[in-house]
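For reference, the structure is listed below as structure tokens.
Note: hydrogens, waters and symmetry copies are ignored here, and every other heavy atom, side chains too, is used. Note that this is a predicted model, so its numbers are computed, not measured.
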Amino acid sequence: MIKTDIVIIGAGPAACSAAIYTLRAGLKTIMLGGASLGGQLLQTNDIENYPGFIEPVGGFELMDRMHKQCKRLGAEILGETVVKIDTSAKPFKLFTQSGKEYEALSVIIATGAAARWLGAKGEAEYKGKGVSACATCDGFFFRGKEVCVIGGGNTAFEDALFLTNFCTKVYLVHRRAGFRADATTVQKAKNHPKIEMLIPYVVDEIKGENGSVNAAVLKNTQDAALKEVKVQGVFVAVGSVPQTAFLAGSGIETMPDGTVKIVNRTQTTVEGIFTAGDCADAIYRQAVVAAGSGAKAAIDAIAYVNLHK
């Protein structure tokens with residue numbers, strides 16, 4: 001049994017920000033980041049909207065800097081995957097996939113979310129090379145280009161409208177005539193001269209040349225007819241999956257969309273366990289927002305530990 005003051009589950013921006021605060025408060029902190037230390041940002045080539053970087057910074061470099069900062073302050077960052085949390089008694093017990101056990105006075109859940117992808121041919125090959133799941137992160141890099149957005153919810157429509165600030169043409173591709181997005185946003189998109197609706201279609205294949213996307217092949221869901229559109233970017237906006245399945249049976253409740261339920265500030269349904277980042281936020285999905293929420297969760301966790309230590 002490995003004992004510590006605080007375990008932070010995750011190693012992305014929210015987790016790192018939380019660790020910086022808990023470490024500076026003098027609390028022994030262990031970060032259990034799973035197999036992919038850094039989360040979704042590791043798949044982002046250029047980040048231009050994170051404060052403090054004059055030039056775009058790669059996702060890997062940004063996370064590497066955060067991890068080094070945490071380690072300098074004394075954090076242990078481990079590639080352990082938490083599979084179970086026992087909240088029946090305090091201190092809390094955490095169990096990892098490798099069979100290790102940890103005991104902590106407080107826990108911060110910052111496991112993030114994973115983008116829900118299409119599974120279309122060529123999608124994985126061109127991730128970060130024209131295929132993106134974050135229009136607000138990558139839209140600027142498609143200035144003067146034609147792109148398509150896949151989805152029918154508010155995120156898809158908001159992404160399409162956002163991309164009109166940079167792109168000459170935005171195709172919005174959806175598999176059926178009905179949309180989950182609110183009527184006002186749908187009408188804005190329909191009225192925009194740069195947006196063209198392609199319905200009812202799904203992505204059959206994403207093509208590329210010289211290492212970047214140059215076309216999307218769409219399949220009509222009614223007659224299976226194929227249609228190719230020349231685009232330089234494909235933005236997938238079909239939702240994300242909060243990484244919270246391991247919380248089942250722990251007493252830490254989740255919302256219908258899978259995000260961690262917050263009952264007071266950053267506290268979960270279990271006193272002493274807090275949450276931050278995309279695993280608790282289905283709206284903003286930005287690194288800087290996650291980092292800010294990590295600081296808030298840490299401040300709450302520090303107060304809890306100091307009260308009960």
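- Looking at heavy atoms from C-beta onward, M31 lies in side-chain contact with C70 at the 4.5 angstrom threshold.
- Taking both residues in full, the closest heavy atoms of G272 and S106 are given as O-OG, 2.7 Å, listed atom of the first, atom of the second, then distance.
- Expressed to the nearest 0.5 Å, how far CD1 of I199 lies from CG of L218 amounts to 11.5 Å.
- Hydrophobic cluster membership is shared by F60 and I47, with clusters built from Ile, Leu, Val, Met, Phe, Trp and Tyr side chains linked at under 4.5 angstrom.
- Between K68 and D64 there is a salt bridge, since a side-chain N of the basic residue sits under 4.0 Å from a carboxylate O of the acidic one.
- Between E48 and P56, the shortest heavy-atom distance links the atoms OE2-CG, 3.6 Å.
- Between the SG atom in C134 and the CG atom in N49 there is a gap of 7.5 Å [rounded to 0.5 Å].
- The side-chain contact (heavy atoms from CB on, under 4.5 Å) test with I252 singles out one residue from V107, I273, T275, and that residue is I273.
- By the 4.0 Å N-to-carboxylate-O rule, K93 lies too far from D86 to be salt-bridged with it.
- A distance of 3.5 Å separates CD1 in I85 from CD1 in I9, rounded to the nearest 0.5 Å.
- Counted within 6.0 Å of NZ on K90, heavy atoms from surrounding residues, nucleotides or ligands total more than 12; the atom is thus considered enclosed.
- Nearest heavy-atom pair, D5 versus G26, reported as atom, atom and distance to 0.1 Å: OD2-O, 4.4 Å.
- Hydrophobic cluster membership is shared by V305 and I299, with clusters built from Ile, Leu, Val, Met, Phe, Trp and Tyr side chains linked at under 4.5 angstrom.
- No side-chain N or O of E158 forms a donor-acceptor pair with one of T185 less than 3.5 Å apart.
- Between K230 and E228 there is a salt bridge, with a side-chain nitrogen of the basic residue lying less than 4.0 Å from a carboxylate oxygen of the acidic one.
- Here the side chains of V234 and S132 are not in contact, with every heavy-atom distance at 4.5 Å or above.
- A cation-pi arrangement is present between K169 and Y171, with the terminal nitrogen or guanidinium carbon under 6.0 Å from the aromatic centre and inside a 45° cone about the axis.
- Of the residues listed (W117, F166, F142), the one engaging F235 in a ring-ring contact (aromatic ring centres under 6.0 Å, His included) is F142, and it is the only one.
- Remark: F92 CZ is packed, more than 12 non-hydrogen atoms of other residues, nucleotides or ligands lying under 6.0 Å away.
- Between R65 and E61 there is a salt bridge, since at least one side-chain N of the basic residue sits less than 4.0 Å from a carboxylate O of the acidic one.
- Judged by distance alone, the side chains of T96 and E80 do bring a donor and an acceptor atom under 3.5 Å apart.
- Proximity of I109 to T244: side-chain heavy atoms (C-beta onward) are nowhere separated by under 4.5 Å.
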